[in-house]
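Below is one structure, written out as C-alpha cells, with a few remarks after it.
By convention in this document, chain letters (A, B, ...) are assigned in the order of the sequence lines, proteins followed by strands, and residues within each chain are numbered from 1. Here the structure is a predicted model, which means the values were calculated and not measured.
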Amino acid sequence: MKLKGHKINGGRVEGEAIVCNDAFSFLGDFDPTTGNCLIKSPELEGKSMIDKILVCPTGKGSSRGPLNTYRAMKLKKSPKAIVCIEAEPVLAAAAMVANMPMVDRLDKNPLEVIKTGDWVKVDGDDGIVEVIHSGNQSPFHQ
Amino acid sequence: MVVQLTKEEKEMLAGEHGDAKRMSMELLVKAAEAYNAERLIPIASCHLVLSFQKTALKAGLETAERFVKLGAKCVVPTSIDTSSMDFERWEEFRFPRDFMEDQFRMKKALEALGAIPTWSCVPYEGGGIVPRFGQHIAWTESSTAPYVNSLIGARTNRVGAYEDLASATTGRTPYYGLHLDENRLGNILIEVTTPLTPGDYNVFGSWVGEVVENKIPVITGIPEDVRPLDLRYFGASGAATGSLALYHMPGITAEFRTVEEAFGGKKIPQRVQFGPEELKRRTEKMSSVPGGKMDLVVIGCPHLTMEGLIDLANRIKGRKVKVETYVLTNKVCKDMATEMGVAQIIEDSGMKLNTGCCAWSPVELCGFPEHFTVMANAGKQAWYIPSLLTQMRPGKVDVIYGDVDACIDAACKGEA
C-alpha cells in the first residue's frame, strides 16, 4: 500500500517499522547509546530502534532530542526514518541532524495502516511511504 | 514550496560567509521547506541547549568545537541553557572527572562562540535577554518557550538543538508556526474549576501537556494573583509531558484580553475541564512511589531565581536537612543571594546550592546507589527522572513529587 504525504526531510530508505502510539521524544523515549526504546509498554520497552522506521503521531518534550539522534547516528544506533501524522519542530530537527528521511501528513493515518514489524519504504524526497505487511514476510524473518 | 532567500542568505547558503554559516543555512532552509515557510526572518535573540547530559553533551560538544574552529560567532545575543554540572563545586558534588572535562570544554567552546554564560533555563532572570512583546526570537529549552511566548508574548517555535545554533550564528529562523498571527490563536478551552496551590501548577501543567498535545490551550479559572513563578512550573511541566509551547490565560498572559479574542472570534472547537477529580488523579500519577525514605531531594526546575530563593530561605531558616538536598539556581541569582545572606541561610540548613546545573544531572551522574529515590518539587523532573534515568543507568530510580514545603519537610525528616 502506498501512502502519499509531505516531505519533512529528504532521502530514501526502507526498514522494519516500530510503531509508537504516543507523541515521541528522543530525550526520554530513546537511549542513543544502545538504540533501545525506553517507553514503558510491553510492546516497546527495551526494543531496538536501530535501523527501524519510527511511526508515531508527532513529537513532544525536550528540545534536546536532536542531540540524541545526532549522537545515535555517530554510534550507528539511530532509527532510519520517521513517519508521523504531523511533524513538530523538535522531532523534525532530530530527523534533519541525523539524516533520517521524514514524512508527515499522509493521506491515511499511518498508525492505523502500519504495524510494528511491517516492512516500510520511506521516500522522503517525494513524501511517499510504502507499506509491505509483515503477513508477507519470510517465516525465517522473525 | 521554494523558500525565498535574501541576497545575504543566498551568500551564506553558498558558503561565501564560511562553512559554519553554510551548514547553519542548509539546516534552516531544510526546516523552512519542511514547514512550507515562504522565507526566513531575522531574530532578535537566541537561547541554546547544546550542552547537557552525558550522551547529548558529546554530540553538542563535537558540533560546538567544530563551529569554533570554523570561526563561527553568535550574531544575535544568545544565552546558554543549564549545564549538567556546577562549574565550581563539581568535585564536592561527585561529578565524574571525564564528564567534568567535557563540560569545561563545552563552556570554552560556547564562550568562544560569544554566547552569554547564563547556564540557566531561566536566562531572562539570570543575565540573559528579556524579549519584548511580538519580537521574533529562536529559543530552545522546553520550559523557556512557553514562558516567553505566553507571559511575554514574544514569538518562538519550540526550536530543537542544532537549529538553535544555526539561528544564533546566522540570525535567522524559518518564518512559520508561532511566528505567524494565525497560528497563535487558541484551539482548545480548558476550564479550571478547582483552586490550585502554587505546587499544583506542576500537576496541572503535567495534565495539560498530555491533554493538549500540539494544541494551543486557552485557560480560564486561574486567579489573578498567580505568580510568574507558578506559571514557569506550569509551562515546564506541560512542555515535558507534551509539547506545550504557547498558552493563553486571558487577563494574565500577554496576547489576548478575552477568551473570544484568544479564539479569534471563532467557535470554540473543544472544551475540557480540570476539576478536583482531575487534580487528585494527576497528583497520584506524579510519583512512582507513594512515599518513604529518599536519597536525594532536588528543588528548582526551572531554576529557582531570587523570588524562589528568598522564599526557600524563609521556610528553611533554623532547620536542618537529613538528606542530601540540592537547590538549583543560576550564577547571577546565587551571587545576589550570597550578598543578601539568603545563600548562607540555605547552606546552613545543609541544603546545597548547585549553580548552573540541571536538576536531573546529579541524579544521572553523581554516584548514587543503583536503586534509589529522588524527591523533586517539579513536574518536569517527576516526568523525566523515572522514565529516562531508570533506563540510562543500571538499577532503578524512583521519584516522589511534592511541592517546596513537602520537599523541605521530607528533607528534614528523611522521609516523605
Side-chain angles (χ1 to χ4, degrees), chain A residues 6-11 22-34 36-40 45-46 57-75 77-78 84-99 102-105 124-125 127, chain B residues 26-28 30-31 33-36 47-63 81 139-145 156-164 166 174 176-178 209-210 213-214 239-245 358 380 383-384 386-392:
Chain A
H6 163 255
K7 165 190 173 177
I8 292 289
N9 198 34
D22 296 312
F24 194 87
S25 169
F26 277 99
L27 187 86
D29 294 340
F30 173 72
D31 180 347
T33 59
T34 61
N36 286 347
C37 183
L38 304 179
I39 294 174
K40 287 194 194 322
E45 189 168 6
T58 183
K60 68 165 183 194
S62 174
S63 44
R64 276 147 172 137
L67 292 167
N68 272 351
T69 52
Y70 184 84
R71 179 79 179 141
M73 175 184 71
K74 290 277 165 173
L75 299 171
K77 308 276 185 193
S78 161
C84 65
I85 297 177
E86 178 138 28
E88 165 275 340
V90 177
L91 194 67
M96 287 170 192
V97 301
N99 284 329
M102 178 167 174
V103 177
D104 77 342
R105 283 181 263 160
D125 297 333
Chain B
E26 277 175 14
L27 182 61
L28 294 176
K30 264 189 185 202
E33 283 171 357
Y35 285 98
N36 300 335
H47 183 62
L48 290 178
V49 292
L50 275 185
S51 159
F52 184 67
Q53 198 236 355
K54 221 169 175 174
T55 50
L57 176 65
K58 285 203 184 297
L61 181 60
E62 186 195 306
T63 308
D81 203 60
W139 281 36
T140 39
E141 216 282 323
S142 34
S143 83
T144 65
T156 182
N157 286 310
R158 273 162 39 83
V159 179
Y162 293 111
E163 199 182 320
D164 55 355
Y176 79 99
L178 297 179
E210 286 176 341
E213 294 172 344
N214 288 350
T241 62
S243 57
L244 185 69
C358 175
K380 185 169 172 174
W383 177 257
Y384 279 130
S387 67
L388 182 52
L389 284 165
T390 291
Q391 305 293 338
M392 299 295 288

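Looking at residues two or more places apart in sequence or on another chain, you find no salt bridge (charged side-chain N to carboxylate O under 4.0 Å, His left out) involving A:E86.
No side-chain heavy atom of A:M96 sits less than 4.5 Å from a side-chain heavy atom of B:Y162. The shortest side-chain heavy-atom distance between B:Y35 and A:P89 falls under the 4.5 Å cut-off.
In this structure, the portion of B:T241 lying under 4.5 Å from any heavy atom of chain A is its backbone and not its side chain. Using a 4.5 Å cut-off between heavy atoms, B:A239 touches chain A through its backbone atoms (N, CA, C, O) alone. When heavy atoms are compared at a cutoff of 4.5 Å, A:K7 approaches chain B by way of both its backbone and its side chain. Looking at B:E62, only its side chain comes within 4.5 Å of chain A, counting heavy atoms on both sides.
A distance of 4.5 Å separates CZ in B:R158 from CD in A:E88, rounded to the nearest 0.5 Å. We find the CH2-OG distance between B:W383 and A:S25 to be 10.0 Å, quoted to the nearest 0.5 Å. Note that the NZ atom of B:K58 and the CG atom of A:L75 stand 10.0 Å from one another [nearest 0.5 Å]. In this structure, A:I8 CD1 and B:E33 CD are separated by 10.5 Å, a value rounded to the nearest 0.5 Å.
Contact record, A:A93 with B:G160: CB-CA, 4.3 Å, taken as the closest heavy-atom pair. Pairing each heavy atom of A:K40 with each of B:P386, the nearest pair is NZ-O, 3.9 Å. Across all their heavy atoms, B:V49 and A:S63 have their closest contact at CG1-OG, 3.9 Å. Heavy-atom minimum distance, A:P66 versus B:A161: CB-O, 3.4 Å.
No other option in B:L244, B:D164, B:D81, B:N157 has as many heavy-atom pairs under 4.5 Å with chain A as B:D81. In terms of non-hydrogen atom pairs under 4.5 Å with chain A, the most contact-rich of B:G209, B:A245, B:G242 is B:G242. Heavy-atom pairs under 4.5 Å with chain B were tallied for A:A87, A:A23, A:G127; the largest tally goes to A:A87.
Looking only at distances, a side-chain donor or acceptor of B:Y384 sits under 3.5 Å from a matching main-chain atom of A:S62.
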